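A quick write-up on the structure given underneath.
Numbering of ligands and ligand atoms starts at 1, following listing order. On a predicted model such as this, the values are computed, not experimentally measured, just so you know.
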Amino acid sequence: MPAYEAVIGLEIHVRLNTESKLFCSCPVSFGAAPNEQVCEVCSGMPGALPRLNGKAVELAVRAGLALNCAVNAYSLFSRKNYFYPDLPDGFQTSQFVPPVCEKGFLDIKVKGRNRRIGITRVHLENDAGKCLHLGGATLVDLNRAGTPLIEIVSEPDMRSAGEAAEFMRRIHALLVAIEVTDGNMEEGSLRCDVNVSLRPPGAGSLGTRSETKNLNSFRHVQRAADYEIARQRACLEDGGAVLQETRLFDAETQETHAMRSKEDAHDYRYFPNPDLPPILIDPERIEEWRRTMPELPGPRAARFAADYGLPDEDAELLAADRDTADYFETAASLCGNPRRTAALMRGELLRECAAAGVKAGEAHLTPPLLAELVRLIDGGALNVRIAHEIFPELFASGVSPERFAAERNLVQLSDSDALEAVVDRVLSEYPAEIAGYRGGKTRLLSFFVGKVMAGTGGKANPAVVNGLLRAKLDAAPGPQV
Ligand code: ADP
Ligand code: MG
Ligand code: ZN
């Protein structure tokens, strides 16, 4: 059986966080009634002239900087010619050579292995409109036409579907962290084309690729790549040849289907757009953007580990997106216990957030409330097990943890006198176990702790109970012979 190595490269389209479109002042917003946000420029009227949105250039450069690219002080817009009903100009205004940024990389980690994925280029382009298929008719909505995008093209450096999905996840987190995009995947703010080919392991040249278009979730990227790897392997093992083609992923069946054979770059008849002057960026501007970059997830994770003493895994998880990281830093500074804050976020908060489909920053349980919960535990008023038990209710309601614990009568019993009475009662009920303990079966201590905890409805402070029990059990005379 011949063995094959998978080779994967991604093209990721990212909607930029601008208020207006790339070449006109129509607003960019999702969900307006069809064709309400359209003018003569973005509907391709003859003679209408484009005017470049400077904010889009800034965001493209910031993305390039975050991806370790070289920024070109001189770049060009070109026309990429093809016909679609929802492409009113008859061409897409994109960049060919030179693009605004190129030659970068992004480091990812998959299954404990560090991988450096090359970034070929980052270029600016405008989005197309949308076709709506309604009752046998096809209607065109141009609200999206002219929306500013960047396309990030990777080198064919990924070797598994898992690496492809992780690469896209990192790109998403990075670009959301630096506010280049809102990252809303359901609204199509990040869409990915997955290119897959197979070759004998370590071969010098690349095999023929298929390109699966427009994947809008990490899971779909993974599934589509896995499907293509399996499909191409079966095809090659059968003695067949892989065709260079464009495919579509069907989320229902989790399969890809051929859409059309794929064009090569020369088929698009790229040429510089005569309506747009070159983009010239002052190098001082580039340096200013570099200086004012928000903290990226990688360095932020390193800082969390170093400054707050978090385990690497917690630091990476909490720094992965800006919303979670900001939540953590606010709560940790309010309560002064970053490690417990991190543990509660990792174990409880993020799980509840995922189940409810909200970001940490949107939770009813705000950073000050989580800080209050941490202080209750640290101060001995609430034991950790009960804190975990009531967490879903705190999360759902957003009430003060202190008030909640008081109203439900959950405040931990740490008072030795009150607990001593329970301890004495338990000891009087189990003379045989006491003898066993004193005879050397010291593991029976946890049996007594359990009985005392049960006797207080779980509210006793376990450390105090342990201390009391040990004092009483160990103080007695040693084993009788
Ligand atoms: P196009 O727009 O025609 O698809 P691009 O150059 O923009 O061309 O993108 C090509 C993408 O496909 C890049 O991400 C590149 O890494 C990847 N790629 C190119 N050749 C192969 C191959 N043989 N196998 C897998 N990926 C490939
Ligand atoms: Mg492509
Ligand atoms: Zn417009």
Side-chain angles (χ1 to χ4, degrees), residues 4-13 18-29 32 35-45 48-53 78 80 82 88-89 92-97 99 102 104-106 117-123 125-127 129 141-161 163-164 167-168 171 191-200 203-215 221 224-225 228-229 232 241-247 259-268 270:
Y4 295 103
E5 171 182 68
V7 173
I8 304 175
L10 303 188
E11 297 157 80
I12 302 180
H13 292 88
T18 59
E19 283 175 19
S20 52
K21 294 188 180 179
L22 188 55
F23 299 119
C24 61
S25 51
C26 291
V28 172
S29 60
N35 296 310
E36 285 219 322
Q37 299 177 339
V38 175
C39 71
E40 48 279 66
V41 173
C42 58
S43 60
M45 294 295 160
L49 287 174
R51 212 164 139 241
L52 179 60
N53 180 340
S78 289
K80 182 180 185 184
Y82 52 101
D89 288 323
Q92 183 183 27
T93 304
S94 183
Q95 297 193 283
F96 192 45
V97 274
E102 59 188 325
F105 63 85
L106 179 67
I117 310 302
I119 305 290
T120 314
R121 51 194 277 133
V122 176
H123 66 247
E125 61 187 26
N126 59 5
D127 207 349
D141 174 9
L142 294 180
N143 282 348
R144 200 179 68 179
T147 298
L149 304 178
I150 48 172
E151 178 172 345
I152 300 168
V153 181
S154 87
E155 291 290 303
D157 285 347
M158 286 154 274
R159 295 290 173 269
S160 68
E163 288 183 8
F167 177 77
M168 188 169 172
I171 293 262
R191 309 188 306 259
C192 180
D193 303 344
V194 179
N195 298 273
V196 177
S197 65
L198 297 184
R199 65 180 178 187
S205 57
L206 296 171
T208 303
R209 67 171 156 142
S210 69
E211 177 193 50
T212 304
K213 282 264 185 216
N214 265 329
L215 301 157
V221 168
E228 275 304 295
I229 292 169
Q232 293 183 18
V242 173
L243 301 176
Q244 177 170 313
E245 63 186 1
T246 297
R247 301 179 68 89
M259 180 165 78
R260 55 180 144 88
S261 77
K262 163 124 190 86
E263 24 332 61
D264 286 312
H266 60 252
D267 296 326
Y268 291 120
Y270 278 101

Criterion side-chain hydrogen bond (donor to acceptor under 3.5 Å, both in side chains) on Q232 and S210, from CA distance to verdict: CA-CA 9 Å; Q232 293 183 18; S210 69; 3.1 Å; yes
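- Annotation for ligand 1: atoms under 4.0 Å from non-hydrogen atoms of L10 are 14 (O).
- Considering backbone and side-chain atoms together, Y268 places no N or O closer than 3.5 Å to any N or O of ligand 1.
- Between F96 and Y270, the angle of the ring planes stays under 30°, which puts this pair in the parallel group of the 30/60° scheme.
- When the heavy atoms of S205, S94, S154 are ranked by distance to atom 13 (C) of ligand 1, first place goes to S154.
- Backbone and side-chain nitrogen or oxygen atoms of E211 are examined, and one is located within less than 3.5 angstrom of a nitrogen or oxygen of ligand 1.
- Minimum heavy-atom separation, N35 to D141: N-OD1, 3.0 Å.
- Considering both main-chain and side-chain atoms, K80 never comes within under 3.5 Å of ligand 1 through any nitrogen or oxygen pair.
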Please step through salt bridge (charged side-chain N to carboxylate O under 4.0 Å, His left out) for the pair R247 and E228, ending with a clear verdict. CA-CA 10 Å; R247 301 179 68 89; E228 275 304 295; 3.1 Å; yes
Give the C-alpha distance, both sets of side-chain angles, the deciding distance and a yes or no for side-chain hydrogen bond (donor to acceptor under 3.5 Å, both in side chains) between E125 and H13. CA-CA 9 Å; E125 61 187 26; H13 292 88; 3.2 Å; yes
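- Atom 27 (C) of ligand 1 has its nearest heavy-atom neighbour, among R121, E155, E228, R209, in R209.
- The side-chain heavy atoms of V194 and L215, taken from C-beta on, include a pair separated by under 4.5 Å.
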If you apply the rule side-chain hydrogen bond (donor to acceptor under 3.5 Å, both in side chains), what do you find for N143 with E36, and how did you get there? CA-CA 7 Å; N143 282 348; E36 285 219 322; over 6 Å; no
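- Between V196 and ligand 1, not a single N/O pair is under 3.5 Å apart.
- Under a 3.5 Å cut-off, the side chain of R209 and the backbone N or O of G9 do not form any donor-acceptor pair.
- Geometry note: the Zn ion (ligand 3) is the vertex, C24 SG and C42 SG are the arms, and the angle is 110° (rounded to 10 degrees).
- Of the heavy atoms in V153, only side-chain atoms (C-beta onward) come closer than 4.0 Å to ligand 1.
- If you number the atoms of ligand 1 from 1 as listed, the ones under 4.0 Å from a heavy atom of V7 come out as 24 (N), 25 (C).
- Polar contact with ligand 1: present for P156 (N/O pair, distance under 3.5 Å).
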